[in-house]
Amino acid sequence: MSFESDKAAFKEGLRVGAPTWFGVGAWGLVVGIAMIKVGLTLPQALGMTLFVFAGSAQLASLPLIAAHAPVWVIFATALVVNLRFLIFSAILAPHFSHLPWRTRAWLGFLTGDISVGLFMQRYPEFAEEKGKLAYLKALVFPNWAAWQIGSIIGILLGSQVPTSWGLGFAGTLAILCIMLPLIINRAAFAGVVVSGICALLTVNFPYKLGLLLAVLLGMGTAMMLEEYLDGKKEPATDKNKEEQS
C-alpha cells in the first residue's frame with residue numbers, strides 16, 4: 001500500500017514540476033554563461049554550479065566578483081540572498097523531521113525555490129500523509145538535473161557567446177519565469193513590490209549593497225504581512241465554528 005502511494009505521489013510530482021524544467025534550465029544556461037563572462041575558469045565555474053547550486057546567490061555575487069569587491073561583501077551578499085532558505089527549512093521541517101539528519105541534509109541541498117513552492121501548494125498544512133517524501137523527490141531531482149544541464153551547457157558555450165547579446169537582460173527574464181509562479185498570495189506580492197522599489201531607490205549604492213537591503217525589507221514585509229493576515233483568519237475561523245455549533 002505504501003509503495004503504491006509513493007509511486008502515485010512521485011508521478012504526480014513529476015507531472016506538476018515538468019512545466020518548470022525548461023525555465024530552470026534556461027536560468028541555469030544564463031548563469032553558466034555569466035560565470036565564464038566574469039572571468040571564472042572552467043573548473044571554477046563547474047565547481048560553483050555543482051557545489052553552490054543557488055542561482056540567485058550566484059547572480060548576485062558574480063557582479064561583485066567582476067568588480068573585485070571584498071570577499072566579505074561577496075559572502076555577505078550570498079548569505080543574505082539565501083536567507084529565504086531558513087524560512088523554507090522551517091516550513092518543510094515538520095513534514096520530514098522523522099528522517100535521519102543525513103537524508104534531510106542532502107534533500108535540503110537539492111531543494112530550491114520552485115520545489116518548495118510546489119510542495120506547499122500540494123501540502124499547505126502539516127498532516128500525516130503517505131507519499132510526501134516521494135512527491136518532494138519528484139520535484140527536486142528533475143529540478144536539480146535541469147539546472148545542472150542548463151548551467152553546464154552555458155559554461156561550455158560561455159566563451160562562444162558575444163557580450164552584445166545582452167545576457168544580463170536574458171538572465172532577468174529567466175529569473176522572472178521562475179519567480180512569478182511563486183507569488184501565490186498577497187504577502188509574497190507585497191514583499192516583491194517592496195524589494196523592487198527598494199532596489200530601484202538604492203541602485204547606486206556601492207558594492208550592490210542596495211540589493212541586500214532590498215532582500216531584507218522584502219522578506220520582512222512578506223513575513224509581517226503573512227503573520228498579520230493569519231492573525232485575522234484565526235478569529236474568523238473560530239467565529240464560524242461557534243456559529244456552526
Let me check something: do [X] and [Y] share a hydrophobic cluster, defined by ILVMFWY side-chain heavy atoms less than 4.5 Å apart, either directly or through other members?
| X | Y | answer |
| --- | --- | --- |
| Val192 | Leu217 | no |
| Leu86 | Val140 | yes |
| Leu110 | Phe10 | no |
| Trp21 | Ile153 | no |
| Trp27 | Phe22 | no |

Determine whether [X] and [Y] make a side-chain contact, defined as any pair of heavy atoms from C-beta on separated by less than 4.5 Å.
| X | Y | value |
| --- | --- | --- |
| Gln121 | Val16 | no |
| Leu107 | Leu99 | yes |
| Leu139 | Leu14 | no |
| Thr111 | Leu92 | yes |
| Ile33 | Ile155 | no |
| Thr49 | Trp147 | yes |
| Thr202 | Leu211 | no |
| Pro43 | Met48 | no |

Q. Mind checking whether Phe119 and Tyr135 have parallel, tilted or perpendicular rings, split at 30° and 60°?
A.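 Phe119 and Tyr135: tilted rings.
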
Q.
Does the plane of the ring in Phe53 sit parallel, tilted or perpendicular to the ring in Trp144? Use 30° and 60° as the thresholds.
A.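 The arrangement is perpendicular - the two ring planes meet at more than 60°.
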
How close do [X] and [Y] get, heavy atom to heavy atom, and via which atoms?
| X | Y | answer |
| --- | --- | --- |
| Ser56 | Val81 | OG-CG1, 3.5 Å |
| Ala69 | Ile74 | O-CD1, 3.8 Å |
| Ala187 | Leu225 | CA-CD2, 3.7 Å |
| Cys198 | Leu213 | SG-CG, 3.7 Å |
| Val52 | Phe109 | O-CE1, 4.2 Å |
| Ala9 | Gly131 | CB-O, 3.2 Å |

Q. Do side-chain atoms of Thr77 reach the backbone of Val73 as a donor and acceptor pair under 3.5 angstrom?
A.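 Yes, the answer is positive, given that a donor and an acceptor are paired below the 3.5 Å cut-off.
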
**Q.** Any donor-acceptor pair under 3.5 Å from Gln58 side chain to Val31 backbone
**A.**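 Side chain of Gln58 to backbone of Val31, a donor-acceptor pair under 3.5 Å: no, none is there.
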
Q | Derivation of the side-chain contact (heavy atoms from CB on, under 4.5 Å) call for Val203 and Leu200 | A | CA-CA 5 Å; Val203 67; Leu200 289 174; 5.9 Å; no

(Q) Could you walk me through whether Tyr228 and Met224 satisfy the side-chain contact (heavy atoms from CB on, under 4.5 Å) test, starting with their C-alpha distance in whole Å, then the side-chain angles of each, then the deciding distance to 0.1 Å, before giving a yes or no? (A) CA-CA 6 Å; Tyr228 171 74; Met224 288 189 292; over 6 Å; no

Q. Taking Glu12 as the fixed residue, which of Lys137, Arg122, Lys132 is the one that meets the salt bridge (Lys or Arg N to Asp or Glu O under 4.0 Å) rule?
A.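 Output: one option passes, namely Arg122.
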
Q. Are Gln148 and Ser151 close enough that a side-chain donor and a side-chain acceptor fall under 3.5 Å?
A.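 Note: Gln148 and Ser151 side chains miss the donor-acceptor criterion.
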
Could you grab the distance from atom [atom1] of [X] to atom [atom2] of [Y], nearest 0.5 Å is fine?
| X | Y | atom1 | atom2 | answer |
| --- | --- | --- | --- | --- |
| Leu83 | Phe88 | CG | CZ | 11.5 Å |
| Leu156 | Ile36 | CG | CD1 | 8.0 Å |
| Thr221 | Phe189 | OG1 | CZ | 12.5 Å |
| Asn143 | Asp113 | CG | CG | 8.5 Å |

[X] atom [atom1]: more than 12 heavy-atom contacts under 6.0 Å:
| X | atom1 | result |
| --- | --- | --- |
| His98 | NE2 | yes |
| Trp72 | CH2 | no |
| Phe75 | CZ | no |

Q | Working for side-chain contact (heavy atoms from CB on, under 4.5 Å), residues Ile87 and Met219 | A | CA-CA 10 Å; Ile87 301 174; Met219 289 176 56; 3.9 Å; yes

Q) Can you check side-chain contact (heavy atoms from CB on, under 4.5 Å) on His95 and Leu133, steps first, answer last? A) CA-CA 9 Å; His95 297 275; Leu133 181 58; over 6 Å; no

